[in-house]
K.L.:
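Just passing along the structure, written as structure tokens.
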Amino acid sequence: MSQYLPEVFLMLMGFSILLYAILDGYDLGVGMIMPQNNEAHRDTMIASIGPFWDANETWLVLAVGILLIAFPMAHGLVFEALYFPTFLLLLGLILRGVSFDFRAKAKDQHKGRWDLLFRLGSWLAAVMQGYMLGRYVTGFDSGFAAHLFAVLSALCVSAAYAYIGGAWLVMKTTGLVQQRAAFWARRAGWLAALGMLTISVVNPLISADVAARWLTFPAVFLLVPIPLMCLVLLVAVDRYLAHVPTRDDIGCWFPFVAVAFLFVLNFFGLAYSYFPDVVPGLLSARDAASSTASLTVIFYGVAVVLPFILLYTAFAYRVFWGKTQKLSYY
Amino acid sequence: MMDPALAQTLMLSRMQFAANISFHILFPTITIALGWMLFYFKVRHDLSGHPVWLRIYRFWVKVFALSFALGVVSGITMSFQFGTNWPGFMQTVGNIAGPLLGYEVLTAFFMEATFLGIMLFGMNRVPNWVHTTSTALVAIGTTLSAFWILVLNSWMHTPTGYELIDGVAHVTSWKEVIFNPSMPYRLSHMLLASGLTASFLVAGISAYRLLKGDTKAAPRYALATAVFVASLLMPIQALVGDLHGLNTLEHQPQKIAAIEAVWETEAGAPLVLFAWPDEQSRENRYELGVPYLASLILTHKVNGEIIGLNAFEHHPPVKPLFFGFRLMVGLGLLMMAASWLSTFYILRRHQIPVWLLRVLTGMTFSGWLASLAGWYVTEIGRQPWLVTGVLKTADAVTSVAGTQVGVSLALYLALYAFLLIAYIQTLFYLARKSIRVAEYDDTETTKPGLRFLMGQAS
């Protein structure tokens with residue numbers, strides 16, 4: 001058992017990143033598609049994520065935490081290489097996070113400005129996460145093509161966040177807010193689809209290793225359902241969103257669940273391409289790992305605590321189940 | 001000698017880390033104790049059904065939410081900084097720091113963040129006891145978080161329970177790592193500091209409301225609660241602070257020598273009240289001291305020996321420790337006077353005079369200043385070490401170019417100044433806004449949370 005700890009922690013880190021991308025992804029997406037000219041809509045949209053955002057962001061802390069504590073070598077390598085993008089990401093997260101509270105508590109005439117910072121912060125965080133993912137996947141290659149790839153990735157991730165944010169609002173809201181969300185989610189979905197397609201084509205082209213994993217017999221036959229399922233989901237969500245509002249709001253949960261599943265499939269695609277490297281092409285989990293004794297200590301903690309975290313997270317979502325109501329402190 | 005480019009990166013990285021952690025610590029210092037105060041207000045309301053406790057809860061839960069958000073976002077910055085600026089830290093002591101930080105995320109962060117949502121917005125959505133429990137869980141979460149981070153910080157000051165193999169620290173005993181010699185003192189000192197900071201915040205804002213003409217019961221109840229808590233905690237803090245000092249003398253004597261500005265080892269050393277420590281000529285200028293007092297306080301003997309700075313190969317810079325310590329103690333004495341005087345007026349005169357309300361308002365953030373001064377003393381006092389005897393600060397720094405660090409530092413400073421101004425303005429704005437709220441009437445009286453107290457059989 002203990003000999004596989006580095007890989008176990010790599011998977012745990014992946015799990016945290018996936019949960020973060022889905023959960024804070026919809027938070028950031030909601031922030032990205034907030035309208036500048038309608039305060040009531042913004043109130044509803046922010047109310048839909050208000051009780052959750054803080055816990056959602058904690059998955060990022062866990063992911064970075066696992067990188068830090070299980071793979072200290074990799075943590076240094078990654079964040080020295082991504083020094084400035086990391087700073088901008090943090091700037092975005094700070095602006096978004098504090099605006100949540102300031103907008104509701106500062107003077108009324110300042111509310112619009114805090115909302116602007118909220119949107120700006122959400123955009124900055126999303127774009128930087130995409131950019132950093134792009135740089136990371138190419139092993140921080142400094143060539144022009146690699147930077148172009150990172151820009152593409154920034155576009156794709158931002159679009160994906162707006163997509164899942166819109167889908168979340170379709171589930172959690174009604175009326176005009178819901179229709180606007182469907183409108184933007186559809187368009188973001190097209191962009192995300194284009195991004196996914198491009199990255200799927202480019203990735204095997206620039207990495208012989210990735211090509212070897214995907215495009216050889218018999219793997220190719222076992223893997224073909226993944227892009228097919230993605231295609232089916234994209235089309236089905238698009239068709240649903242085109243018909244919002246549906247009668248009796250039937251199936252309002254469908255786009256969110258489907259897009260979350262899309263995230264899972266894409267994540268699996270990335271994980272399959274690079275496992276068991278903790279920094280693609282540069283560093284394997286095994287070479288970057290902390291001592292087995294330390295990993296064992298954390299592993300016990302994770303094994304005991306993680307089920308509780310999942311349990312009370314589920315409880316919190318149940319408490320705020322259903323359509324969003326106005327947020328109030330009592 | 002160090003490469004000048006690296007020296008620049010080192011200096012800027014240290015400034016950036018100091019800026020980040022100074023800004024960050026302000027908010028947990030409030031929320032750790034304010035969480036427990038909210039729990040107290042909520043329980044008082046549940047037991048008595050008196051609407052005033054709910055009024056207090058509703059006002060301070062907003063302050064808590066705002067402070068918590070600022071604490072969270074500035075805390076996330078910290079977890080990235082280890083990699084961006086101090087990769088050597090985790091590469092050397094990651095086997096110890098890693099699990100401690102990991103347990104903080106697992107046992108504290110998720111719990112407080114998740115139940116915060118229910119605590120803030122769930123009062124009408126869950127049974128009352130679930131809401132009260134959520135409030136307690138948030139408070140427990142913030143305290144657990146303080147526990148883990150102070151374990152790690154104390155270990156960096158007084159490392160035990162490890163061995164170095166090829167320059168990398170490995171744990172030999174987790175019990176010794178966690179219960180390292182300075183941990184109990186540092187943890188108690190910090191938790192009490194949090195209690196005092198939150199008390200003076202509550203007292204200051206409540207006094208401000210009274211000054212601005214708020215005639216409702218809530219600010220008076222809150223003010224009384226806060227000054228009682230502060231009156232009680234202040235002498236305990238003085239005692240714990242003294243014990244912490246003795247513990248430091250045992251394990252980090254060079255830090256005490258710098259705090260007291262003792263250059264030559266001396267028996268019967270005076271307590272220097274004021275001086276200008278000069279590191280060039282290694283002596284104090286304009287010294288004003290009380291003979292024998294430093295020896296008496298630190299060794300409990302009139303002629304006790306205090307080892308001077310000249311006896312150490314490495315010692316921290318003297319001025320920041322000397323002045324920082326005096327600022328902290330001075331503020332502590334002021335806080336003791338203000339809280340005791342207020343308690344006296346409340347108990348004996350049944351009102352607080354306007355001048356004292358002004359003093360309390362002026363001291364709203366005195367806990368912040370005292371805590372920061374104390375942290376600067378203890379953290380600068382560890383230099384040149386990052387982990388005492390194991391890793392020097394200079395050996396942990398990143399190879400990122402100084403210009404990049406300079407730009408990020410400047411932007412962080414601008415951002416933090418902006419947020420700090422916004423935060424303080426918003427607190428006083430919330431206070432002014434609450435004055436316009438009408439007093440509760442009898443119809444607002446809600447049922448006590450415990451039916452037992454209403455005398456019903458079932």
Side-chain angles (χ1 to χ4, degrees), chain A residues 47 50-52 54-58 60-62 64-70 72-73 75-80 82-84 86-87 89-91 93-98 100-102 104-107 290-291 293-294 297-298 301-302 305-306 308-309 312-313 315-316 319-320 327-330, chain B residues 54 58 61-62 65-66 68-70 72-77 79-80 82-84 87-88 90-91 94-99 101-103 105-107 109-111 113-118 120-126 168 170-171 174 398-400 404 407-408 411 415 419 422 425-426 429-430:
Chain A
F52 309 114
D54 201 335
N56 291 347
E57 204 169 273
T58 308
L60 177 67
V61 180
L62 183 65
V64 175
I66 292 177
L67 184 63
L68 179 71
I69 62 200
M73 301 279 282
H75 190 272
L77 186 74
V78 169
F79 291 115
E80 277 188 88
L82 297 175
Y83 186 87
F84 217 69
T86 305
F87 168 74
L89 163 67
L90 291 168
L91 188 68
L93 289 177
I94 290 174
L95 289 178
R96 193 271 307 240
V98 299
F100 255 108
D101 274 280
F102 276 122
K105 294 174 185 74
K107 288 182 183 155
S290 300
S291 81
S294 286
V297 170
I298 313 170
V302 171
V305 181
L306 199 59
F308 283 100
I309 293 176
Y312 61 62
T313 302
F315 173 71
V319 167
F320 297 98
L327 272 197
S328 74
Y329 280 100
Y330 39 84
Chain B
L54 198 59
R58 281 176 188 171
V61 87
K62 287 181 198 154
L66 185 60
F68 195 90
L70 280 155
V72 167
V73 294
S74 56
I76 290 178
T77 314
S79 65
F80 283 88
F82 288 123
T84 51
M90 289 307 282
Q91 280 155 19
N95 289 326
I96 287 123
L101 291 169
Y103 273 79
V105 178
L106 287 170
T107 62
F109 287 173
F110 276 106
M111 192 163 82
T114 307
F115 287 100
L116 182 75
I118 297 172
L120 294 181
F121 308 116
M123 208 185 258
N124 282 343
R125 287 176 162 256
V126 294
V168 174
H170 290 261
V171 175
W174 275 108
T398 180
S399 54
V400 166
Q404 283 206 52
V407 172
S408 63
L411 290 169
L415 176 68
L419 290 178
Q425 275 187 348
T426 304
Y429 171 71
L430 281 176

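To find a chain, count down the sequence lines: A is the first, B the second, and so on, and within it residues start at 1. These figures come from a predicted structure and were not determined experimentally.
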K.L.:
Can you tell me how far apart CG (B:L66) and CZ (A:F100) are? Round to the nearest 0.5 Å.
P.N.:
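Nearest 0.5 Å value for the CG-CZ distance: 13.5 Å.
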K.L.:
Compare all side-chain heavy atoms of A:V319 with those of B:F121 and state whether any distance is below 4.5 angstrom.
P.N.:
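Of all side-chain heavy-atom pairs linking B:F121 with A:V319, none is under 4.5 Å.
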K.L.:
For B:Y103, is it the side chain, the backbone, both, or neither that has a heavy atom closer than 4.5 Å to a heavy atom of chain A?
P.N.:
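The side chain, not the backbone.
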K.L.:
Work out which heavy atom in B:L411 is nearest to a heavy atom in A:F84; give both atom names and the distance.
P.N.:
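Scanning both residues, the minimum pair turns out to be CD1-CZ, 4.5 Å.
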K.L.:
Taking side chain as everything from C-beta outward and backbone as N, CA, C, O, which of these in A:A293 sits under 4.5 Å from a heavy atom of chain B? Side chain, backbone, both or neither.
P.N.:
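Nothing of A:A293, per the 4.5 Å heavy-atom cut-off to chain B.
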K.L.:
Between B:L116 and chain A, which part of the residue has a heavy atom less than 4.5 Å away: side chain, backbone, both or neither?
P.N.:
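When you check distances to chain A, only side chain atoms of B:L116 fall under 4.5 Å.
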K.L.:
As a test of understanding, state which of A:L82, A:L60, A:L68 forms a side chain to side chain contact (heavy atoms under 4.5 Å, CB included) with B:F80.
P.N.:
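Going through the options one by one, the only one that passes is A:L60.
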K.L.:
Can you tell me if A:Y83 and B:S408 form a side-chain donor-acceptor pair at under 3.5 Å?
P.N.:
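A pair is found: one side chain offers a donor N or O, the other an acceptor, under 3.5 Å apart.
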K.L.:
Indicate yes or no: at least one non-hydrogen side-chain atom of A:I69 is less than 4.5 angstrom from one of B:M90.
P.N.:
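When only atoms from C-beta onward are counted, B:M90 and A:I69 do touch, with a gap below 4.5 Å.
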K.L.:
The criterion is ring-ring contact (aromatic ring centres under 6.0 Å, His included); which residues satisfy it with A:F52, sequence neighbours excluded?
P.N.:
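In terms of ring-ring contact (aromatic ring centres under 6.0 Å, His included), with neighbours along the sequence ignored, A:F52 is linked to A:W168, A:Y317, A:F320.
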K.L.:
Given that the side chain runs from C-beta out, which part of A:I309 has a heavy atom under 4.5 Å from chain B: side chain, backbone, both or neither?
P.N.:
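Contact with chain B: side chain only.
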K.L.:
With a 3.5 Å distance limit and no angle check, can you tell me whether A:Y312 reaches the backbone of B:M111 through a side-chain donor-acceptor pair?
P.N.:
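At least one qualifying donor-acceptor pair exists.
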K.L.:
Establish, from distance only, whether the side-chain atoms of A:E80 and B:T84 form a donor-acceptor pair under 3.5 Å.
P.N.:
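Looking only at side-chain atoms, B:T84 and A:E80 do not form any donor-acceptor pair under 3.5 Å.
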K.L.:
Please classify the contact between B:L101 and chain A as side chain, backbone, both or neither, with a heavy-atom cut-off of under 4.5 Å.
P.N.:
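For B:L101, the side chain is the part near chain A, not the backbone.
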K.L.:
For the pair A:I94 and B:L419, evaluate side chain to side chain contact (heavy atoms under 4.5 Å, CB included) and give the outcome as yes or no after the intermediate values.
P.N.:
CA-CA 10 Å; A:I94 290 174; B:L419 290 178; 3.8 Å; yes
K.L.:
With the side chain counted from C-beta on, respond yes when B:P87 and A:H75 share a heavy-atom pair under 4.5 Å apart, and no when they do not.
P.N.:
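The answer is no; the side chains never approach within 4.5 Å.
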K.L.:
Of the non-hydrogen atoms in B:A113 and A:T58, which two are nearest, and what is the gap between them?
P.N.:
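Nearest pair, atom of B:A113 first, then A:T58: CB-OG1, 3.7 Å.
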K.L.:
What part of A:V302 gets closer than 4.5 Å to chain B, counting heavy atoms only: side chain, backbone, both or neither?
P.N.:
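For A:V302, backbone and side chain are both near chain B.
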K.L.:
OG of B:S74 to CG of A:L93: how many Å apart, nearest 0.5 Å?
P.N.:
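Here the rounded value is 12.0 Å.
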K.L.:
What part of A:F315 is in contact with chain B, defined as an atom under 4.5 angstrom from a non-hydrogen atom: side chain, backbone, both or neither?
P.N.:
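The side chain, not the backbone.
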K.L.:
Mind listing the closest non-hydrogen atom pair of B:L106 and A:V305 along with its distance?
P.N.:
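Closest heavy-atom pair between B:L106 and A:V305: O-CG1, 3.3 Å.
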K.L.:
Find the one option among B:G102, B:P99, B:G88, B:S399 whose heavy-atom pairs under 4.5 Å with chain A are most numerous.
P.N.:
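The residue among B:G102, B:P99, B:G88, B:S399 with the greatest pair count is B:P99.
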K.L.:
Could you walk me through whether B:L415 and A:L95 pass side chain to side chain contact (heavy atoms under 4.5 Å, CB included), step by step?
P.N.:
CA-CA 9 Å; B:L415 176 68; A:L95 289 178; 3.8 Å; yes
K.L.:
Under 4.5 Å, counting heavy-atom pairs only, tell me which of A:N56, A:V64, A:T313, A:L306 racks up the most with chain B.
P.N.:
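Ranked by heavy-atom pairs under 4.5 Å with chain B, first place is A:V64.
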K.L.:
side-chain hydrogen bond (donor to acceptor under 3.5 Å, both in side chains) with B:T107: which residues, sequence neighbours excluded?
P.N.:
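Partners of B:T107 under the side-chain hydrogen bond (donor to acceptor under 3.5 Å, both in side chains) test: B:W148.
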K.L.:
Could you grab the distance from atom CG of A:D101 to atom CG of B:L70, nearest 0.5 Å is fine?
P.N.:
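Reported value, rounded in 0.5 Å steps: 7.5 Å.
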K.L.:
Highest number of heavy-atom pairs under 4.5 Å with chain A: which of B:F109, B:Y429, B:W174, B:F110?
P.N.:
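Option with the top pair count is B:F110.
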K.L.:
Where on B:V400 is there a heavy atom nearer than 4.5 Å to chain A: the side chain, the backbone, both, or neither?
P.N.:
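Both parts, heavy atoms under 4.5 Å.
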K.L.:
Shortest non-hydrogen contact from B:Q91 to A:G76?
P.N.:
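Result for this residue pair: NE2-CA, 4.5 Å.
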